[in-house]
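The chains referred to below are lettered A, B, ... by the order of the sequence lines, with proteins before strands, and numbering in each begins at 1. Just the heavy atoms: all of them, side chains too, but no hydrogens, waters or symmetry mates, feed the values below.
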Amino acid sequence: MINFRQAAAFLLIFLSGLGVGLLVAWVIAPVEYVDATPALLRSDYKDQYRLLVASAYAANGNLERARSRLSLLEDPDPVQVLTAQAQRSLAAGQPWESVRLLAALASALQNTSPVVSSPSPTLASLALPQEETPTVPPTPRPDSPSPAETPSPAFVTATQVPSLVIPPTPRPTRTPTATPGALFVLTRQDVICNPALPDGLLQITVLDAARKPVPGIEITITWSSGEERFFTGLKPDVGNGYADFIMAPDVIYTLRLAPGGTFVSDLAAPICPTEGGEIYLGGLRLEFQQP
Amino acid sequence: MPRWALFLLVFALGVTAGLIYGWVIAPVQYTETAPASLRADYRTDYVLMVAETFHVEQDAALAVRRLSVLGSEPPETIVLQALDFAQQGGYVQEDLSLLAALAQAVRLVTQGGAP
């Protein structure tokens, strides 16, 4: 018969054993994680990954492949994440080229919708349970020749491979934008006299033909003693197609939108009167749209 | 059963329960991994991205730097592993060519020659 003291001792010993077991399992010999997905990457590596996706997109122009790759990161809104990263890069003084690549990909994604007509599995959607290693039937890319057509000693079909083979991201067809390549034209230019806004605020909104904001549009502003370049969408909290700039008093600016080079000259901060008769520096609001 | 054996048995039960809980029920969750821990197919796609970019930039040193996050192995080995996986996985010839070109360029850089 076990008395109370013995039961307490057994419990203590059991808990000691439990503690040792957990120490081994969590600290000394934790589960080795060697098959991670991109979604598990640390945030700085995710930034690096996105930049590489953007670079590869700039190199191959394959938007669906870029979209598939970005989906592996499981960002809730890839466009917004890309623009936010571009903004961070700009603020951190990283090379302009990186900012441009990120913004260009964000813009391309914003202007197209995913291809949904054909099954185009991403690597993630083809991921198999870790415990099993079945053979996955090959899913050749739409533009890839079938193995039967191109017998090549270096080309091993999945049916010949006994272990797990995950096909690469499918080669997609490009989805046309709503108004591909169309120039942006200035549709509105308003003087804004609002003392609540920063002095000399130049607000720029870029819309596509469907009046959807377009991020990643490069804007160059030049004046007699300088030049500044930035992109729409770097303030996603205000709008994906929004950008702004602070104008100095008595300076004439020229604005140019990179795609097509839409040009607006003689921009200057207006002088606005307050109700009390004083004056302050007002702002401008420009709206560009694709026809 | 002697008392010491009973204690040992209870201790062993505790250890077993701890290991089952720590390894199976609630294993350590890694949420901030490095690219080196990516699964083979994701690694291959990462290398392919480097290859696609290299094809345009022709900057082998930059490609080597990009590959360095995939582990401590020589960059050429990383690319060759990716090429091997791509061949087995039925990647299109264009991608295989890009990977092969990257492997060659990386080999030249790591051997001290110009790409």
Side chain to side chain contact (heavy atoms under 4.5 Å, CB included) between A:E218 and A:L257, worked out
CA-CA 6 Å; A:E218 185 179 344; A:L257 253 62; over 6 Å; no
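Heavy atoms closer than 4.5 Å to chain A are found in the side chain of B:R66, but not in its backbone. Both the backbone and the side chain of B:V15 come within less than 4.5 Å of a heavy atom in chain A. For A:V27, no part lies near chain B; criterion is any non-hydrogen pair under 4.5 Å. Within the 4.5 angstrom heavy-atom criterion, atoms from both the backbone and the side chain of B:V10 approach chain A.
When all heavy atoms of A:G21 and B:L19 are compared, the pair lying nearest together is O-CD2, 3.3 Å.
Residues that satisfy the ring-ring contact (aromatic ring centres under 6.0 Å, His included) test with B:F7, not counting sequence neighbours, are A:F10. Under the side chain to side chain donor-acceptor pair (under 3.5 Å) criterion, A:Q80 pairs with no residue at all, not counting sequence neighbours.
Heavy-atom pairs under 4.5 Å with chain A peak, among B:A12, B:A17, B:A34, B:A51, at B:A34.
The backbone N or O of A:I217 lies less than 3.5 Å from a partner atom in the side chain of A:T232, making a donor-acceptor pair.
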